[in-house]
Every structure is written in structure tokens, then in C-alpha cells.
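Notes to accompany the following structure.
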Amino acid sequence: MAKFDGPGFTMVDGSWVQTKAIDVGSSTDISPYLSLILEDSVWNGNRSIIFDVYWDVESVDTKSEWRLCSVKLSTKNLCLFLRLPNPFHDNLKDLYRFFASKFVTFVGVQIQQDLVLLKKNHGIVIRSSLEIGKLAAIARGTPIVEFLGTRELAHKILWYDMSRLDSIQSKWDEAGANDRLEAAAIEGWLIFNVYDQLQQ
């Protein structure tokens, strides 16, 4: 049975985020983990999944080609980090279907370019997405917050202690796998809480 058996991390409010990192191979079944993320998003009542995507950029004949190399999916309690193969395998159809769901909203920071690249380069369409910066700008009547990154936006809205995230990011090149996973979990949890607060 699939479970999030990676390291767990305590957030600044004392809550716990359990993680799972997967190197997706041709025989890897990611669907049970996607189902657990979906269940947790529903269980927490707001049907939102925080997502972030990471790209490899290759120069080919004076053009830059962007290839999706990893995906982070977070809820209030879970963080799933998928390292994707090159080229993609058929088992990633589960990820395509997951992103196409209208049942949940995929929430991200500065995602407009990512949405374009996902569709153009990989045929991935996210049907229900939300740019959290735009929502924050409207909700707070402060246009500048639309352009902030994850850390700055969360700090502006939540005023949480960011020292642990800052500590990891300040030594990113030396950071181990667990530290990087903790940073991913913190960022996902922060944006979940920003979205949750803006809905109140």
C-alpha cells in the first residue's frame, strides 16, 4: 500500500508535513500517491493542491528547449516530489489526468509561464489553476504582492518565522536531500496557508 514514508517535518505552528520523493521510472506507479494527495486536499476542505514545477533548459540550435524535470505537489499535511524521466514514459499519463482534474484547484506562485510551457512542450493542461499572487493582490488591495515569490508572499500575508527556510536556502549548494525536501515541504505548506487565509 502506498504511503508517504519519507521524512516528516514540523512547521512553525507545530503542525506536521509528511513527505515522499520518487524517482519516476518506466515501471513506477505514481497513481496511489496522487490519490493520497487528492484525498488530503478534500479532507482539509478547500480542495486545493499547491504545485510547483522545475525545468531543465537545453540549448539546441540557438534555441532554448524547456523540459519538465520535476513536480512538487503539496497539501496541508503532505508533500510529494516527483523527479521525472527523460524522455517521459507512458506511466506519466496518470500525472496528465491528475492535472486535468476539475475537482480541485491547482494553486501556485508565478505560474503563468509554467502553464504555457506545460501545454506547449508536454501537452499537459491544468484545467483549474489559481495564481496566488493575483488573488492576494486583489484581497489585500496591494498590487505589488502579485509579483512576489513564495517566501516574500508568505511573509507578507502570514508573518510567520522564515528562519528555517532562510537557513536552508542560504546554503542551498551544500544542502543535503533531506534539507531540500524540507524546504519544498515548507514552501508548499506556506502557500497552502496563504490560500487558506485569503479565503477567510
Side-chain angles (χ1 to χ4, degrees), residues 2 4-7 9 17-38 41 48-75 78-101 104 106-133 149-151 153 165 168-192:
F4 278 66
D5 55 4
F9 302 103
V17 174
Q18 193 66 43
T19 67
K20 178 74 175 180
I22 302 173
D23 289 309
V24 181
S26 59
S27 61
T28 307
D29 184 6
I30 60 173
S31 60
Y33 300 100
L34 298 176
S35 293
L36 290 172
I37 287 280
L38 188 60
S41 76
S48 66
I49 295 171
I50 311 306
F51 85 102
D52 202 355
V53 293
Y54 305 87
W55 302 90
D56 276 341
V57 183
E58 299 172 3
S59 294
V60 179
D61 298 331
T62 70
K63 289 196 315 187
S64 293
E65 294 200 4
W66 294 64
R67 184 189 70 82
L68 185 62
C69 63
S70 54
V71 174
K72 178 181 72 182
L73 302 166
S74 301
T75 59
L78 301 174
C79 179
L80 177 63
F81 195 85
L82 302 173
R83 292 180 204 82
L84 305 179
N86 184 15
F88 282 8
H89 303 298
D90 284 345
N91 58 334
L92 286 179
K93 288 178 182 172
D94 290 327
L95 185 61
Y96 282 62
R97 281 191 291 273
F98 182 73
F99 275 138
S101 173
V104 295
F106 291 91
V107 179
V109 177
Q110 304 292 332
I111 59 171
Q112 293 309 312
Q113 184 66 22
D114 290 327
L115 295 175
V116 170
L117 287 170
L118 284 169
K119 184 175 182 180
K120 179 181 172 187
N121 294 3
H122 297 288
I124 297 174
V125 176
I126 298 181
R127 292 190 184 188
S128 179
S129 64
L130 176 79
E131 167 56 66
I132 192 72
T150 298
R151 186 216 178 279
L153 177 63
L165 182 59
I168 297 170
Q169 291 180 337
S170 69
K171 302 173 194 154
W172 191 253
D173 291 338
E174 297 88 39
N178 278 4
D179 284 341
R180 290 180 180 220
L181 198 53
E182 182 177 4
I186 292 170
E187 288 180 337
W189 178 84
L190 286 170
I191 297 306
F192 176 90

Quiz prompt | Audit row: Ile30, Val24, side chain to side chain contact (heavy atoms under 4.5 Å, CB included) steps and yes/no | solution = CA-CA 8 Å; Ile30 60 173; Val24 181; 4.0 Å; yes
Salt bridge (Lys or Arg N to Asp or Glu O under 4.0 Å) partners for [X], two or more places apart:
X: Asp52; value: none
X: Asp114; value: none
X: Asp29; value: none

Quiz item: Parallel, tilted or perpendicular: which fits the ring planes of Tyr54 and Phe81, with parallel below 30° and perpendicular above 60°?
Solution: tilted
Quiz item: How are the rings of Phe4 and Tyr33 set relative to one another: parallel (under 30°), tilted (30 to 60°) or perpendicular (over 60°)?
Solution: perpendicular
[atom1]/[X] to [atom2]/[Y] distance, rounded to the nearest 0.5 angstrom?
X: Leu153; Y: Ile191; atom1: CG; atom2: CD1; answer: 5.0 Å
X: Ile186; Y: Gln169; atom1: CD1; atom2: CD; answer: 8.5 Å
X: Leu181; Y: Cys79; atom1: CG; atom2: SG; answer: 6.0 Å
X: Leu165; Y: Asp179; atom1: CG; atom2: CG; answer: 11.5 Å
X: Leu95; Y: Leu84; atom1: CG; atom2: CG; answer: 6.5 Å
X: Leu68; Y: Asn121; atom1: CG; atom2: CG; answer: 9.0 Å

Quiz prompt | Intermediate values then yes/no, side chain to side chain contact (heavy atoms under 4.5 Å, CB included), Phe51 and Val53 | solution = CA-CA 7 Å; Phe51 85 102; Val53 293; 4.1 Å; yes
For [X], give me all partners under side chain to side chain contact (heavy atoms under 4.5 Å, CB included), at least two apart in sequence or on another chain.
X: Lys119; answer: Val125
X: Ser128; answer: Thr105
X: Asp56; answer: Arg67, Cys69

Exercise. Starting from the C-alpha separation in whole Å, work towards a yes-or-no answer on side chain to side chain contact (heavy atoms under 4.5 Å, CB included) for Leu78 and Thr19.
Key: CA-CA 6 Å; Leu78 301 174; Thr19 67; over 6 Å; no
Quiz item: Testing Trp66, Phe88, Phe99, Tyr96 for ring pair (Phe, Tyr, Trp, His ring centres under 6.0 Å) with His122, which one passes?
Solution: Phe88
Exercise. State whether the number of non-hydrogen atoms from other residues, nucleotides or ligands found under 6.0 Å of Trp55 atom CH2 is greater than 12.
Key: yes
Quiz prompt | Atom CZ of Arg127 with >12 non-hydrogen neighbours under 6.0 angstrom | solution = no
Quiz item: Do Ser129 side-chain atoms and Ile126 backbone N/O form a donor-acceptor pair below 3.5 Å?
Solution: no
Quiz item: Distance-only, no hydrogens or angles: does the Gln18 side chain make a donor-acceptor pair with backbone N or O of Gly6 under 3.5 Å?
Solution: yes
Tell me, do [X] and [Y] make a side-chain contact under 4.5 Å, heavy atoms counted?
X: Ile168; Y: Glu182; result: yes
X: Trp189; Y: Thr75; result: no
X: Ile37; Y: Phe98; result: yes
X: Ile132; Y: Ile111; result: no

If every non-hydrogen atom of [X] is compared with every non-hydrogen atom of [Y], which pair is closest and at what distance?
X: Ala185; Y: Val17; value: CB-CG1, 3.9 Å
X: Val107; Y: Ser48; value: CG2-CB, 4.0 Å
X: Asp23; Y: Thr28; value: O-OG1, 3.8 Å

Quiz item: Is it true that Glu187 and Arg151 make a salt bridge, defined as a side-chain N closer than 4.0 Å to a carboxylate O?
Solution: no
Quiz item: Run the side chain to side chain contact (heavy atoms under 4.5 Å, CB included) check on Ile50 and Phe106 step by step: do they pass?
Solution: CA-CA 6 Å; Ile50 311 306; Phe106 291 91; over 6 Å; no
